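Residue numbers begin at 1 in each chain, while the letters A, B, ... track the order of the sequences. Note that these values count all heavy atoms, side chains included, but never hydrogens, waters or copies made by symmetry. Note that the structure is a prediction, hence the values are computed from the model and not measured.
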Amino acid sequence: MEGKARRGPSSNFIKEIILRDIETNRYGGRVHTRFPPEPNGYLHIGHAKSICINFGLAAEFGGLCNLRFDDTNPVKEEAEYVEAIKEDVRWLGFDWGDREYYASDYFEQFYEYAIQLIKAGKAYVDDLSPDEIREYRGTLTEPGRESPYRNRSVEENLGLFERMRAGEFEEGSRVLRAKIDMSSGNLNMRDPVMYRILKVPHHRTADKWCIYPMYDWAHGLSDSIEGITHSICTLEFEDHRPLYDWFLDELNLHHPRQIEFARLNLSYTVLSKRKLTRLVEEGFVDGWDDPRMPTIAGLRRRGYTPEAIRNFCERIGVAKSDSVVDIGLLEHCLREDLNKRAPRAMAVLEPLRVVIVNYPEERVEELEVENNPEDPSMGSRRVPFSRVLYIERGDFREDPPKGWFRLAPGREVRLKSAYIIRCEGVVKDGRTGEVTEVHCTYDPGTKSGTPEGGRRVKGTLHWVSEAHALEAEVRLYDRLFLRPNPDEAGDFIDCLNPDSLKVLRGCRIEPSLKDAVPGQRFQFLRLGYFCVDRDSSGSNLVFNRTVSLKDRWAKIERKGGP
RNA sequence: UGGGGAGUCGUCUAAUGGCAGGACGGCAGACUCUGGAUCUGCUUGUAGGGGUUCGAAUCCUCUCUCCCCAGCCA
């Protein structure tokens, strides 16, 4: 009955498994998950999906979710990443309480368990070289062969393993392997390596260890030690589940259930650590938090909200089939959130001078402008209006196409929260013929907010007063790649979008933005959502375009007229 | 050709033998002092064959396609 009630839009196969486990009292009704990143890179939107699943499930079922660093490979891992990961998870809105764990905290215990397996005749020290191990492993279609060292005595194995730990052997010279089945169809079961010798200091255990556990050995044990009930991971670990189960069964330990789901793929970007690292290292982007990166840090700097990301993760669902989610859905979730909460402001990105010829020279009116029409509680502000203004260059056409609602010779438009103006003429550059100034008249009877000012015109433009405007730099970001699937034609680098970043200087913004601080978000009317970049300062305001507003006119033009 | 998985609108996802539904996108319209937002309507899908059944996306069977695995990475 409860199971039925749980189904519906937010149901998924993992919840159903958990529900069944609760009903059958498999773990005493407990639900305890974990998010287990390896601290070898920055988290991305794919990790956000996993974080939302793990923390979300724990919250939904009244359980707990641990943050555990899977730090078993000191060659690749660094403390810097630990801090970045914690910041990202926290920013996304999740709390692991005091349950911040590290696989490396369990190294001693892993070692004891290894000895237990050796004593049970289930593990052995192998002297084969890495190349030989590969050779002995066989192939996908042929069984492997047993190592000549496979049947050493327990005593010999114990002695050798102890000496491995003591640092008596060279890297690569010996490993500890589980003794399972060299002819298994599942390669993971062909005597998998449990420990390798790595004479490398670890970011937490320093030089205490020179043997390090492999993922398969460490992961299930860590889960077990922490009392995890549901160990949720991605599909590529499906093949590893028999091994996960084997270790815990052989040791007769608390045995969490491993469940695999399909990792997130997003169109027009890449989500593999290797590729993201390449983008950073080869300078195609400006670092891990470049606003074009699908990393949590990049999305944050771009102006995404945690709410938008969480909502996105909820909407994409959880399943086992490989899929590619349209990045448009992420953008939709963003706009939906920002629309509700971002205060509006007027900014002119590519300024065109407008002179209201019948407006008095020295006059300045402070006009009342709503901060967010979606939310009256956000109040209003005053914006100065005067004789000389800027409008968007793109909002004026000397020779307007059909369906044009904006300014053109002889045409009227409303200036948002101000007056209706009519274009009476233009001033052009003598040499280039470019329009440098538009001359207009205003209709004094059309002031916004006045009872008699309600006359209607088709178009409404945003504007800023020349004398009062602030200058700003605006960075326009677009999709990082030109193709929905950057991998589909050879090297993904080949389809990088050369216009993924366009920097505009000399943009004019309304004076109320003077004290905007990094991270603050706005909707620039008719343009999109923008946030103050961390490069911004009092003397040089810098805004990132988070996402554009949907522009119907752009679509009309794309299709060649209405 | 070994082992493990997966195939439902363009995309993501729901259905648990009983009306194939939702979201995004798209299209059309209404409204609009943001060509934004909002609202309304519409469109499109069970990989294929055979079987069981009053009834199949769901059960059985055969086939096809796609993904993952041969790190001392995770």
Pair of N/O donor and acceptor under 3.5 Å linking B/G3 base with A/Glu238 side chain: no

Phosphate OP1/OP2 of B/G26 contacted by A/Lys555 side-chain N/O (<4.0 Å): yes

Polar side-chain contact A/Asn186-B/G4 base: donor and acceptor under 3.5 Å: no

Distance-only side-chain donor-acceptor flag, A/Trp463 / A/Tyr390, under 3.5 Å: no

Contact under 4.0 Å: A/Arg456 side-chain N or O vs B/U32 OP1/OP2: yes

A/Leu235, nearest nucleotide to its side chain (from B/A15, B/G5, B/G36): B/G5

Below 4.0 Å: OP1/OP2 of B/C12 and any side-chain N or O of A/Arg315: no

Pair of N/O donor and acceptor under 3.5 Å linking B/G4 base with A/Arg241 side chain: no

Sugar-phosphate only, base, or nothing, as touched by A/Asn339 at under 4.0 Å among non-hydrogen atoms: base

Sugar-phosphate only, base, or nothing, as touched by A/Ile316 at under 4.0 Å among non-hydrogen atoms: sugar-phosphate

Phosphate contact (B/G71 OP1 or OP2) by A/Arg137 side-chain N/O below 4.0 Å: yes

A/Arg145 charged N/C atom sitting above A/Tyr136 aromatic ring, 6.0 Å / 45°: yes

B/U65 to B/C59 separation - P atoms, rounded to the nearest Å: 23 Å

Whole-Å gap separating P (B/G5) and NE2 (A/His240): 13 Å

Presence of A/Thr72 side-chain N/O under 4.0 Å of B/C73 phosphate oxygens OP1/OP2: no

A/Tyr42 and A/Trp288 aromatic ring geometry - parallel, tilted or perpendicular at 30°/60° bounds: parallel

Side-chain donor/acceptor contact of A/Glu16 with base of B/U16 under 3.5 Å: yes

Options B/C12, B/U11, B/U34, nucleotide nearest the side-chain atoms of A/Gln523: B/U34

Among B/G25, B/A74, B/C72, the nucleotide that comes nearest once only the side chain of A/Asp70 is considered: B/A74

B/A74 OP1/OP2 closer than 4.0 Å to side-chain N/O of A/Arg196: yes

Sugar-phosphate, base or nothing in reach of A/His219, heavy atoms under 4.0 Å: nothing

Same-atom distance (C1') from B/U13 to B/A6, integer angstrom: 15 Å

Selection from B/G7, B/C73, B/A37 that lies nearest to any side-chain heavy atom of A/Glu38: B/C73

Any side-chain heavy-atom pair of A/His47 and A/Phe35 under 4.5 Å: yes

Side-chain N,O (A/Arg174) to OP1/OP2 (B/C72) below 4.0 Å: no

